Amino acid sequence: MIPRYTPREIELKWQEKWAADRLHEVTEDNSRPKWYALTMFPYTSGDLHIGHWYAMAPSDVHARFKRMQGYNVVHPIGFDAFGLPAENAAIKRGIHPFAWTMQNIENMRRQLKSIGACYDWSREVITCLPEYYRWTQWLFLKLYKGGLAYRAKAPVNWCPNCQTVLANEQVVEGGKCERCDTPVTKEDREQWFFRITRYAEELLDHSRIEWPERIETMQKNWIGRSEGVEISFGLDYRNVEEQEIRVFTTRPDTTFGVTFLVLAPEHPLVAKLTTPECRAKVEEYIANSKRQTEIERLSTEKEKTGTFIGAYATNKLNSERIPLWIGDYVLLSYGTGAVMGVPAHDSRDFDFAKRFGMPIRTVIAPPDWSGQELEEAFIEPGVMVNSGHFDGMPSERGKEAIADFMEDKGYGKRVVGYHLHDWLISRQRYWGAPIPIIYCDVCGIVPVPETNLPVLLPPDADFRPTGESPLKYCQSFVNTSCPRCKAPAHRETDTMDTFMCSSWYFLRYASPHYDEGPFDAEAVKYWLPVDQYTGGAEHAVMHLLYARFFVKAIRDLGLVDFDEPFTRLFNQGIIVAQRHKMSKSRGNVVNPDTYVSELGADTVRAYLMFIGPWEQGGEWDDSGINGMSRWLNRVWNLVLQGQETALPKEAPDQGAAKELRHRTHKTIKKVTEDLGRFRYNTMLASLMELSNHLGKVLPEESVDSLSWQEAIDTLLLLLAPTAPHLTEELWTRTGHPYSIHRQPFPTWDEELAAEEQITFVIQINGKVRDKLTVPASITETEARALALSQPRVKTFLEGKQLTSVIYVPQKLVNLVVQ
RNA sequence: GCCGAAGUGGCGGAAUAGGUAGACGCGACAGUCUCAAAAACUGUUGGGGGGCAACUCCCGUGCUGGUUCGAGCCCGGCCUUCGGCACCA
């Protein structure tokens, strides 16, 4: 009698045993190659949903695979615990963010353990605990002292009714406050920035890492390098100190075509230059643009808006007087915050000029141009016209010639521009790591001495929405004395962007309890960089770019000696529900707990990997999960039934035994390749094929016991990373020593894995007309002859002329006829 | 709007150095077992036409145009959906 497969019973039993044996805890070991397998740590939003499992289960399978391949694998886990949702929950339910977060962690830890992943829990890291954020602050100070942190004004979303700063997420449709529906505006605040732009050039270089091309492309586009010229336009106003406006352009060859300049509405010169007649309109325009998001402003669909400020600048190339406008399609944060308007050769400028009736002067002639005004912007290269002594020059050469001329005359200089801007890390919120800075009336900005870290987040601060950072109202926090002169001083009350916490957590895992620094240099030297990082595609740019920047920055500060944090990256797709990414705020989360308690963790793990290619994600649909549960059940029955069947030593059917061994080795090859490429769906399909075949040969009793045993052991070992509990149980039940997870991964015999027979296709004019089973060793001559001798082929060829024959080895012959 | 992806049976998907479209699974239908049902097992399953039959022909990978002996795969132009767009993380 075969016992029933009772997944939950088995799973809990082995999870307890693995934990008791500390099977997954690892230490540095120089006798084996190391493998750092890292999954992006989850944010502590509440429960884990099916999307988390989609991230966690397949990455665990890969880590287990690497371990069976002989690597010393560390697979750590932790929690990203600071951030806005905790504060929102606190406000909504009157529970302290700390309590809310720790409750969530408690629950998520239980859920994560139910996955049966090989996490080394002894390395757990929680970013909101002082023992962690102490070092986040320490690293901030390092960056500050290294000249990589600075203060500058930057706009924040502001709700005038709630008197509070809003996150982008809290600004709902149409630019309104999510709480009170008041239109949101922008306000300038002094805030802290990191100089990520200093690393723009190095961040563009992906040559040291193996990342998916699409992610590299997205990062490259995000950084947005462009070579151009910063051109100076002359200003001549007695009451204005500045004597120039600088604009950035990648098209210096069009400078003779400038008919206006557009400044960002926030440009500092706007207030100084606006004439009294224009002031009212300009102020109205600026107020309006404060209500728009950057995305709205940059949309090329939207009709261009702007207004004349009454002032003029001089185009130094031809001494023309150029009117100055403001327009919201120009952003202060990009380039110099001002652009030159060349309507003939830039489509946005063209729209702007059309709208406001400004001249459109062609300076690059399109082919066959006869002097008429253009009907749309001509943005291709061409021949320069209306450009003084540059006339007749090809514009590509003109770019260089004008740049040379300008540099020579001091009208401008070549610069490399980046779309990337510096990283704003200040948040006017409670639930984050306090920025360790003190402001002293005498000494100015004073960093908190390292020995005084951590700057503790006061537990009793009032974090409800007010006009300022919540910490500002916590007197015991704000009031302090200057570390330098001991005079009364006050603390910085903004906290840090949570991306800061997640920019170095992977370093902390190497020595999570180290208390003399953020990490133990020796441990980091052994484990880092991360060998395989996996996480959601939504992090393609920001988190991954910030973490790269961070490592490069601390490398230059002498803290680490490698350049890139994540050697290999895999971005899995996103599991959506009701067509959108699962999120608490959207309310479309699917909880995995019921599936686990009903069908078992192994089934859920395998099902998630089976639904499609991991990088693709997709709509969550549980309609096939029973199929996975059925298959694991079949594996269970198959293995135990095989145990009870006394197969002979000699195979009754040599062919059947050979076929079985061939399939076994073919499957090892396929599974090994698929695991290496994260193609879990096809890996499982090939395991199903093997088990289907085993189910067919067992009742026939046509194979020998040795071939059978080889097949069953292989099936279990290949399945072990995916279904760790089921395979551990069956491994023991088939008389093998504990633990299957310490076994080496099977290897295949190339000869046994190779196909002996192939299906050979005969095409006529590219259409399949016949299929033949032939030995794999068939030669071209044999194949051609075989094809032409087929009766079916002969009837098709009747009365036609064979013009050519195309032969593809091991695949097909295509007869081209007329 | 900009950047990055994805579109294949009733459904999830398989097949890319351009060479058999639909592996594997779900669902559905039929059967075996059963007093019956469930479970399990076996078989069929892209659409359409022809043949008593073994079989055979045509169409078919979002739309559209092209390259090629041959296109799901390559190129041009669209459409739809998803992710990101710097304060959700």
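All values derive from a computational prediction rather than experimental measurement.
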Using a 4.0 Å heavy-atom cut-off, does [X] contact any base of the nucleic acid, only the sugar-phosphate backbone, or nothing at all?
X      : answer
A:H539 : base
A:V541 : nothing
A:V156 : base
A:K811 : sugar-phosphate
A:P613 : sugar-phosphate
A:F796 : sugar-phosphate
A:Y43  : sugar-phosphate
A:R634 : sugar-phosphate
A:W222 : base
A:Q191 : base
A:M688 : sugar-phosphate
A:E615 : nothing
A:I625 : nothing
A:L812 : base

Taking only N and O in the side chain of [X], is any of them less than 4.0 Å away from OP1 or OP2 of [N]?
X      : N     : answer
A:R679 : B:A15 : yes
A:H580 : B:G83 : yes
A:R214 : B:A5  : no
A:R630 : B:C24 : no
A:R769 : B:C57 : yes
A:N637 : B:A40 : no
A:N681 : B:A14 : yes

Measure from the side-chain heavy atoms of [X] and tell me the nearest of [options].
X      : options             : value
A:F610 : B:C87, B:C11, B:C24 : B:C24
A:V768 : B:A21, B:U56, B:G83 : B:A21
A:E689 : B:C88, B:G4, B:A23  : B:A23
A:N692 : B:C58, B:G25, B:A89 : B:G25
A:R792 : B:C57, B:C88, B:A89 : B:C57
A:K581 : B:A89, B:G12, B:U20 : B:A89
A:Q616 : B:C87, B:A6, B:A89  : B:A6

### Query
By centroid distance (under 5.5 Å) and plane angle (under 30°), are A:H421 and B:A86 in a stacked arrangement?
yes
### Query
Quick one: do A:K666 and A:E755 make a salt bridge, cutoff under 4.0 Å?
yes
### Task
Output yes when A:R151 and A:E492 qualify as a salt bridge under the 4.0 Å nitrogen-oxygen rule, no when they do not.
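Judged by the 4.0 Å cut-off on N to carboxylate O distance, A:R151 and A:E492 do form a salt bridge.
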Between [N] and [M], how far apart are the two [atom1] atoms, rounded to whole Å?
N     : M     : atom1 : result
B:G22 : B:U44 : C1'   : 16 Å
B:G31 : B:A38 : P     : 13 Å
B:C59 : B:G4  : P     : 37 Å
B:C29 : B:C63 : C1'   : 34 Å
B:U45 : B:A23 : C1'   : 15 Å
B:A71 : B:G19 : C1'   : 10 Å
B:G62 : B:A6  : P     : 13 Å
B:C82 : B:G27 : C1'   : 26 Å

### Task
Return the 5'-most residue of the pair A:G695, A:M218 with respect to RNA chain B, ranking by each residue's nearest nucleotide.
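Closest to the 5' end, via its nearest nucleotide, is A:M218.
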### Query
For RNA chain B, whose closest nucleotide is more 5', that of A:T682 or that of A:E538?
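The residue mapped nearer the 5' terminus is A:T682.
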N/O-N/O pairs, protein side and nucleotides 64-75 of chain B side, under 3.5 Å:
residue: B:C69; atom: O2; partner: A:N814; partner atom: ND2; Å: 2.2

### Query
Going by a 90° cut-off around 0, is B:G77 syn or anti?
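What B:G77 shows is an anti base, its glycosidic angle lying more than 90° from 0.
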Quick one: look up who [N] pairs with, Watson-Crick or G-U, both distances under 3.5 Å, and put none if it's unpaired.
N     : answer
B:U16 : none
B:G27 : B:U45
B:G7  : B:C79
B:A40 : B:U32

#### Entry: Spacing between A:L632 atom CG and B:A39 atom P, to the nearest angstrom
18 Å
### Query
Between A:R548 and A:Q219, is any side-chain donor less than 3.5 angstrom from a side-chain acceptor?
yes
### side-chain contact (heavy atoms from CB on, under 4.5 Å) partner of A:L772, the single match among A:I762, A:V761, A:T759
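Considering A:I762, A:V761, A:T759, a side-chain contact (heavy atoms from CB on, under 4.5 Å) with A:L772 is found only for A:I762.
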#### Entry: Over 12 foreign heavy atoms within 6.0 Å of NZ, A:K811
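No.
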